[in-house]
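The structure appears right after this line, and notes come after that.
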Amino acid sequence: MTDTLQNAVLAALRDPAHRISSAWLYDQRGSALFEAITQLPSYYPTRTEIDILDTHLPEITAAIPGHTLVVELGSGSSRKTVPLLNSLHQPAGYVPLDISADYLADAADGLSAQFPGLPVLPRVADFTSAFDLPADLPEHGSRLGFFPGSTIGNLDTGNARDLLRHCRMLLGGDSRFLVGIDLDKSPDILIPAYDDPEGVTAAFNRNLLVRINRELGADFDPDDFRHEARYFEAPARIEMHLVCERAITIHVAGERFELTAGESLHTETSRKYNIEAFSTLAAGAGWSVSGHWIDARGRFAVMLMHA
Ligand code: AVI
């Protein structure tokens with residue numbers, strides 16, 4: 001993601017796997033469509049994680065020392081952050097990190113208004129490469145990383161491990177890390193979550209082509225592409241694809257590409273973990289699991305780890 005959209009698209013079109021980072025799905029309209037996805041009846045992760053936090057936050061935060069500095073990866077919806085800050089014992093400050101400066105500013109303003117005495121220090125950060133904390137942190141005890149939403153599932157195993165390792169280094173010796181992960185389950189539940197009958201996820205996926213046309217002057221016709229969600233067992237994951245429905249020629253940044261009917265652009269991977277696989281991944285990055293909380297239907301887990 002440190003790359004440009006043009007480099008990412010050209011590389012994806014030149015390579016037979018046609019894979020492009022899902023981070024490019026989030027322009028302004030993509031972010032709004034993702035928000036709409038989180039409200040869909042078939043997209044269970046957001047709702048389920050909120051239920052787990054609503055039910056178990058007192059228990060979770062009892063294991064976290066007071067005066068902690070909260071560092072959130074992705075400036076979260078206040079629906080998750082506000083209850084966490086309310087439940088912690090005298091948090092020392094809140095550091096929201098996000099790749100989008102606009103989202104960050106909104107998140108920081110909202111939180112500052114709700115917690116007038118709490119230092120809020122937003123910082124633009126790209127999780128796919130090394131990032132830093134602000135230099136002017138308030139005085140604090142230990143640090144708590146918060147990475148809800150199962151966004152870690154959108155990273156390949158190697159990148160997820162690198163991110164966990166980097167956070168271990170940034171958060172330091174006495175830190176904790178609270179991470180939301182989506183659990184592997186029947187494709188009967190997973191496929192509709194990523195291919196909803198309302199067509200919002202299809203619009204979210206196809207919006208990438210609209211963005212490429214707008215920002216790179218390309219000539220994709222989004223109607224030539226069908227949204228597809230594919231389930232794979234090992235490692236368990238959903239892949240989103242844009243499948244080309246007829247042979248086409250497209251032009252991007254002065255280059256010409258042919259796509260045949262049935263070829264697809266692979267636009268997102270969403271890993272589905274189990275507790276053991278995630279704990280092993282975390283251990284390889286210096287984190288030990290202190291507890292985990294799962295909803296009654298076994299769909300989603302909130303993992304608490306310590307350094
Ligand atoms: C942001 N991320 C955790 C979502 C997911 O479930 O992988 C993105 C998403 N893609 C399609 N629907 C939602």
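Just so you know, ligand 1 is whichever comes first in the structure, and atom 1 is the first atom listed for that ligand. Nothing here was measured: the structure is a model prediction, and the numbers come from that model.
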Using a 4.0 Å cut-off to any heavy atom of [X], which atoms of ligand 1 qualify?
X: Ser150; value: 3 (C)
X: Gly149; value: 3 (C)
X: Thr151; value: 3 (C)
X: Phe204; value: 10 (N), 11 (C)
X: Tyr43; value: 4 (C), 5 (C), 6 (O), 12 (N), 13 (C)

Does the Asn274 side chain pair with the main chain of Ala277, one donor and one acceptor, at a distance under 3.5 Å? yes
Which residue from Ile37, Thr38, Asn154, Asp195 reaches closest to atom 1 (C) of ligand 1 through any of its heavy atoms?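 Going through Ile37, Thr38, Asn154, Asp195 one by one, Asn154 has the nearest heavy atom to atom 1 (C) of ligand 1.
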Cationic tip of Arg271 above Tyr273 ring, under 6.0 Å, 45° of axis: yes
For atom 10 (N) of ligand 1, what's the nearest protein heavy atom and its distance?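 Heavy-atom neighbour on the protein nearest atom 10 (N) of ligand 1: Glu268 OE1, 2.8 Å.
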Check: Ile248 and Phe225 side chains under 4.5 Å, non-hydrogen atoms: yes
Around atom CZ of Arg214, are there more than 12 heavy atoms of other residues, nucleotides or ligands at under 6.0 Å? yes
Is there a polar contact between ligand 1 and Ser270, counting only N or O atoms under 3.5 Å apart? yes
Pro45 near ligand 1, heavy-atom distance under 4.0 Å?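 It does not, in that no heavy atom of Pro45 comes within the 4.0 Å cut-off of ligand 1.
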contact_flag Tyr26 ligand 1 heavy-atom lt 4.0 Å: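 Yes; Tyr26 lies near enough to ligand 1 that a heavy-atom distance drops under 4.0 Å.
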Near-ring test His140/His67, centroid separation under 6.0 angstrom: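 Judged by ring-centre distance (under 6.0 Å), His67 and His140 do not meet the cut-off.
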Is the distance between the ring centroids of Phe147 and Phe127 less than 6.0 Å?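 Between Phe147 and Phe127, the centre distance is under 6.0 Å.
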Ring geometry between Tyr26 and Phe204 (parallel below 30°, tilted from 30 to 60°, perpendicular above 60°): perpendicular
